[in-house]
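Okay, structure first, notes after.
We're numbering straight along the sequence, starting at 1. Keep in mind that the numbers below use all heavy atoms, side chains included, and drop hydrogens, waters and symmetry copies. Note that the coordinates shown come from a computational prediction; the quantities given were computed from them, not determined experimentally.
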Amino acid sequence: MATSLSATITPITLQRKLKAHPAVLPVDSTGIRRWRNTPGVYLRRRVAVVTSAVSGASGTGTSAAGQDTVDLLDTVKVFDLNGNEVPISDLWKDRKAVVAFARHFGCVLCRIRAAYLEAKKGVMDASGAALVVIGPGSIDQAKTFVEQTKFKGEVYADPNHASYEALRFVSGVSTTFTPKAGLKIIEAYMGGYRQDWKLSFEKDTVSRGGWQQGGIVVAGPGKHNISYIHKDKEAGDDPPIEEILKACCS
């Protein structure tokens, strides 16, 4: 596992090489932006609407998520650490839950997100809100994440990225290698956090290019009650913790 700061800065140089190549064609009738065939860039990239933090009233209803999103989430299954398939909406069907979606299980910025949420787990527990992390990867990767971080919340794997697609989280090189994300990575390493490069380059991660972004959802109780959504605009785009606590614990 690499531990030097230079290892975290190298990909930022790569962005300059990639940005010069792809030519973007118009969005077609299916909502897909098509890219010319350029090595390292997807041929098809779904255009996602980027919303920062959207908060709504608690209770029943879908104030922070459209009906199409709720319907898609009803079809999504994730896996717990024992390999059991779980409908994602069951995570908040009978309780309130703060669900953090990681970029991938090896991501250093996702480890910061897990830590800053876990620091308020006592407040969440007192309000009856569960703390959950979901990552786009395998069950083994999820287990490694727990072993390395000692995360005290619940962890689930989404190997098909189905929840990310249902929530329309953004993905792309331009949202991964940004000046703000680069500075946050340097700060993370100075604070003792480390990227797991082995996990970062395993098939389940690189098959999607490693460009996936995540977000944070507050939902429940009730399968269709999604009261808060934050969609990361770029890597490391954490919302203020006060905003999340207001949504889950007020």
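Here the OG-NZ distance, from Ser127 to Lys96, works out to 8.5 Å after rounding to the nearest 0.5 Å. A distance of 12.0 Å separates CD1 of Ile216 from CD1 of Ile134, quoted to the nearest 0.5 Å. Between the CG atom in Leu245 and the OG atom in Ser250 there is a gap of 9.0 Å [rounded to 0.5 Å]. Annotation: the span from Ser171 atom OG to Glu165 atom CD amounts to 9.5 Å, rounded to 0.5 Å. Between Ser163 atom OG and Phe101 atom CZ the span is 4.5 Å, to the nearest 0.5 Å. Atom CD of Glu187 and atom CG of Leu109 lie 10.0 Å apart (nearest 0.5 Å).
Checking His230 against Asp238 by side-chain atom types alone, no donor-acceptor pair falls below 3.5 Å. Side-chain atoms of Glu243 and Tyr228 form a donor-acceptor pair, as typed in the model, at a separation below 3.5 Å.
In plain terms, the two heavy atoms of Lys233 and Val170 that are nearest each other are O-CG2, 4.4 Å. Smallest separation of non-hydrogen atoms from Tyr116 and Pro239: OH-O, 2.8 Å. Smallest separation of non-hydrogen atoms from Pro136 and Ala102: CD-O, 3.2 Å. Closest non-hydrogen pair, Ile226 versus Ile229, comes out as CG2-CG1, 3.8 Å. Taking each heavy atom of Ser227 and Ala247 in turn, the nearest pair found is OG-O, 4.3 Å. Nearest heavy atoms, Phe145 versus Ala114: CZ-CB, 4.0 Å.
Residues that satisfy the side-chain hydrogen bond (donor to acceptor under 3.5 Å, both in side chains) test with Lys143, not counting sequence neighbours, are absent from this structure. Listed by chain and residue number, Arg168 satisfy the salt bridge (charged side-chain N to carboxylate O under 4.0 Å, His left out) test with Asp68 (two or more places apart in sequence, or in another chain). Applying the side-chain hydrogen bond (donor to acceptor under 3.5 Å, both in side chains) criterion to Asp71, with sequence neighbours excluded, gives Gln67. In this structure Ser89 satisfies the side-chain hydrogen bond (donor to acceptor under 3.5 Å, both in side chains) test with no other residue, sequence neighbours excluded.
Side-chain contact check for Lys77 versus Val86: every heavy-atom pair is 4.5 Å or farther apart. Side-chain contact between His224 and Asp74 is present, with heavy atoms from C-beta onward closer than 4.5 Å. Within the 4.5 Å cutoff, the side chain of Gln141 has no heavy atoms near those of the His104 side chain. The closest side-chain heavy-atom distance from Val123 to Cys249 is below 4.5 Å. Residues Ile139 and Asp80 are not in side-chain contact: their nearest non-hydrogen atoms beyond the backbone lie 4.5 Å or more apart.
Looking only at distances, a side-chain donor or acceptor of Thr149 sits under 3.5 Å from a matching main-chain atom of Phe151. Side chain of His161 to backbone of Tyr164: no donor-acceptor contact under 3.5 angstrom is found. Judged purely by atom type and a 3.5 angstrom limit, Arg113 uses its side chain to pair as donor or acceptor with the backbone of Asp237. Judged by distance alone, the side chain of Arg103 and the main-chain N or O of Gly236 form no donor-acceptor pair under 3.5 Å. At distances below 3.5 Å, at least one donor-acceptor pair connects side-chain atoms of Lys231 with backbone N or O atoms of Leu167.
Contacts classified as salt bridge (Lys or Arg N to Asp or Glu O under 4.0 Å) and involving residues 147-164 (residues at least two apart or in different chains) are given here: Arg95-Glu154. Within the structure, salt bridge (Lys or Arg N to Asp or Glu O under 4.0 Å) pairs that include any residue of residues 114-133 comprise Lys121-Asp125 (at least two apart or interchain).
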Query raised in the report: For Gln213 and Glu234, what are the C-alpha separation, side-chain angles and deciding distance, and is it a side-chain contact (heavy atoms from CB on, under 4.5 Å)?
Result: CA-CA 7 Å; Gln213 307 307 325; Glu234 60 185 338; 5.7 Å; no
Query raised in the report: How far apart are the C-alpha atoms of Asp232 and Phe169, what are their side-chain angles, what is the distance that settles it, and do they pass the side-chain contact (heavy atoms from CB on, under 4.5 Å) test?
Result: CA-CA 7 Å; Asp232 296 347; Phe169 288 143; over 6 Å; no
Requested in this report: Take Lys93 and Asp90 through the side-chain contact (heavy atoms from CB on, under 4.5 Å) test and state the conclusion after the steps.
Outcome: CA-CA 5 Å; Lys93 180 178 65 175; Asp90 279 7; 3.9 Å; yes
Report task. Would you check, one step at a time, whether the test side-chain contact (heavy atoms from CB on, under 4.5 Å) holds for Val218 with Trp92? Result -> CA-CA 9 Å; Val218 177; Trp92 56 78; over 6 Å; no
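The hydrophobic side chain of Leu72 is isolated, with no ILVMFWY side chain under 4.5 Å apart from it.
Checked against a 6.0 Å centroid threshold, the rings of Phe79 and Tyr156 do not count as neighbours.
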